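These numbers come from the heavy atoms of this one structure, side chains and all, not from hydrogens, waters or symmetry mates. Given the structure is predicted, the values throughout are model-derived calculations rather than measurements. Proteins get letters first, then strands, A, B, ... in listed order; numbering begins at 1 in each.
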2 protein chains.
Amino acid sequence: MLSKASKYAITAVLYLTNSSNKQHKLGSKQIAKALDIPAPFLAKTLQELTKKKIISSVKGPNGGFYLSKENENNTLFDIIACIDDVEKFNDCYLGQFECNEDKPCVVHHLYFPFKNELINKLKTKTILEMSNEYAHNNNLTQILK
Amino acid sequence: MLSKASKYAITAVLYLTNSSNKQHKLGSKQIAKALDIPAPFLAKTLQELTKKKIISSVKGPNGGFYLSKENENNTLFDIIACIDDVEKFNDCYLGQFECNEDKPCVVHHLYFPFKNELINKLKTKTILEMSNEYAHNNNLTQILK
DNA sequence: AAATAAAAGGACAAAAATATCTTTTTTTAT
DNA sequence: ATAAAAAAAGATATTTTTGTCCTTTTATTT
Ligand code: FES
Ligand code: FES
């Protein structure tokens, strides 16, 4: 399971795709308020993302966080790996010593393929793609109204 | 994701199925040592399981923990629910506000069916069944040797 | 009945995760 | 240049989870 920090990170990046760009940057407090996330904690998390070039930031008046074109090529997995220890994906779901085919736990045959598919999805899904899906989704809901 | 406590619980119960019975009870320290789990922490966890009748215990000399026939009808889910807050299974994997079909997150269509299958498996898999599988597994490895 | 062994219970400690606050640095706007 | 605004950095606080320790209760064995 993901930590709160990386969930916040994902939610915030998703918010940035739709509400910011190089011209309209967003401050950490604005983002935190909009998403109802503890502001200083989010600020920390956004700093980590910036440090590892997952998102971009500019200091000073009118500064804030935004996504560059390059940033948008980052994947969900990149965000998660920036905050969490992704080694945990290798652990057995039931906490058995090792997770492998030789001595599978009772949910291994369910968990293992799912996990691999999930990781694959996380690794291939770029921020840009999510942004597009989100826009598409919103269009649909607009049309349905 | 399960807490360490409930993973310890599962591992310990599994150990009990194979190494104990009403005649041969096991002390919490023995179990902890065999499984390399912090002893006092496991003791606490085993107490919770006993309180909720998932496993059985007897105090005094030659006392310890064991599984009654009724205990063996408990499921993996019962063990988990005894220790963890299973409401967390309803949360969105990526931490979006709600998990539902209307506004699914990007991994919802992967996560949701898996989660349901997993919960179903956890709810139907009894301790007895696991014990049998384990025995079967061991027989196989014996044969293969 | 007494001694003992083990669970049960409760208080405490450490570590990790989450959350807050303060100061410094940098950039932009004036 | 100066002031202001915002990120960056770092120190501190709280909460939750994990882990330890000590005392009490209870059942068993002698
Ligand atoms: S062995 Fe348990 S998940 Fe693979
Ligand atoms: S909406 Fe994210 S898992 Fe269902």
- [ ] Could you identify which residues of residues 81-94 of chain A place a heavy atom less than 4.0 Å from some atom of DNA chain C, listed by residue number, or say none?
- [x] none
- [ ] Assess the side chains of B:Asn90 and B:Glu87: does a donor N or O sit below 3.5 Å from an acceptor N or O?
- [x] yes
Open item on the list: Could you work out, with ring pair (Phe, Tyr, Trp, His ring centres under 6.0 Å) as the rule, every residue matching B:Tyr93, not counting sequence neighbours?
Closed with: B:Tyr111
Open item on the list: I'd like to check the side-chain contact (heavy atoms from CB on, under 4.5 Å) partners of B:Ser3; sequence neighbours left out, ordered by chain and number.
Closed with: B:Ala5, B:Ser6, B:Ile83, B:Asp84
Task: Interatomic distance where CG belongs to B:Leu46 and P belongs to C:dG9 [whole Å] - done: 13 Å
For residues 113-120 of chain A, dump all side-chain donor-acceptor pairs below 3.5 Å to protein atoms at least two apart in sequence or in another chain.
unit_1: A:Lys115; atom_1: NZ; unit_2: A:Phe89; atom_2: O; d: 2.9
unit_1: A:Asn116; atom_1: ND2; unit_2: A:Phe112; atom_2: O; d: 3.3

- [ ] For A:Lys52, check salt bridge (Lys or Arg N to Asp or Glu O under 4.0 Å) against everything at least two apart and list the hits.
- [x] none
Protein-nucleic acid N or O pairs under 3.5 Å, nucleotides 17-23 of chain D:
unit_1: D:dT18; atom_1: OP1; unit_2: B:Lys4; atom_2: N; d: 3.1
unit_1: D:dG19; atom_1: OP2; unit_2: B:Tyr8; atom_2: OH; d: 3.1

Open item on the list: Using the side chain to side chain contact (heavy atoms under 4.5 Å, CB included) definition, which of the options B:Leu26, B:Leu46, B:Thr50 pairs with B:Ser57?
Closed with: B:Thr50
Task: Residues which pass ring pair (Phe, Tyr, Trp, His ring centres under 6.0 Å) with A:Phe41, listed by chain and number, not counting sequence neighbours - done: A:Tyr8
- [ ] Could you list the residues that satisfy ring pair (Phe, Tyr, Trp, His ring centres under 6.0 Å) with A:Tyr15, not counting sequence neighbours?
- [x] none
Grab the N/O contacts between the protein and nucleotides 24-30 of chain C below 3.5 Å, and write none if there aren't any.
unit_1: C:dT26; atom_1: O4'; unit_2: A:Lys59; atom_2: NZ; d: 3.3

Open item on the list: Going by the rule salt bridge (Lys or Arg N to Asp or Glu O under 4.0 Å), which residues pair with A:Lys125 if we only count those two or more places apart in sequence or in a different chain?
Closed with: A:Glu133
- [ ] May I ask you to verify if any side-chain N or O of B:Ser28 is less than 4.0 angstrom from the OP1 or OP2 atom of C:dA7?
- [x] yes
Task: Qualifying residues under side-chain contact (heavy atoms from CB on, under 4.5 Å), relative to B:Asn21, sequence neighbours excluded - done: B:Gln23, B:His24
TODO: Give the rounded distance in Å between these two atoms: NZ of B:Lys29 and P of C:dA5.
DONE: 10 Å
Open item on the list: Does C:dA6 have its OP1 or OP2 closer than 4.0 Å to a side-chain nitrogen or oxygen of B:Ser57?
Closed with: no
Open item on the list: For residues 28-38 of chain A, which residue pairs pass the side-chain hydrogen bond (donor to acceptor under 3.5 Å, both in side chains) check, not counting sequence neighbours?
Closed with: none
TODO: Quick one: label B:Ile55 by what it contacts on the DNA or RNA (base, sugar-phosphate, nothing), any heavy atom closer than 4.0 Å.
DONE: nothing
TODO: Starting from C1' on D:dA8, measure out to CD on A:Glu48 and report it in whole angstrom.
DONE: 12 Å
TODO: Rounded to the nearest angstrom, tell me the gap between atom NZ in B:Lys53 and atom P in C:dA8.
DONE: 12 Å
- [ ] Provide, to the nearest angstrom, the distance between the CD atom belonging to B:Gln47 and the P atom belonging to C:dA6.
- [x] 15 Å
Open item on the list: Can you measure A:Leu26 atom CG to D:dA5 atom P for me and round it to whole angstrom units?
Closed with: 17 Å
TODO: Report the distance from atom CD of B:Gln23 to atom P of D:dT28, rounded to the nearest whole Å.
DONE: 13 Å
- [ ] Would you mind reading off the distance between B:Leu49 atom CG and C:dA7 atom P, rounded to a whole angstrom?
- [x] 13 Å
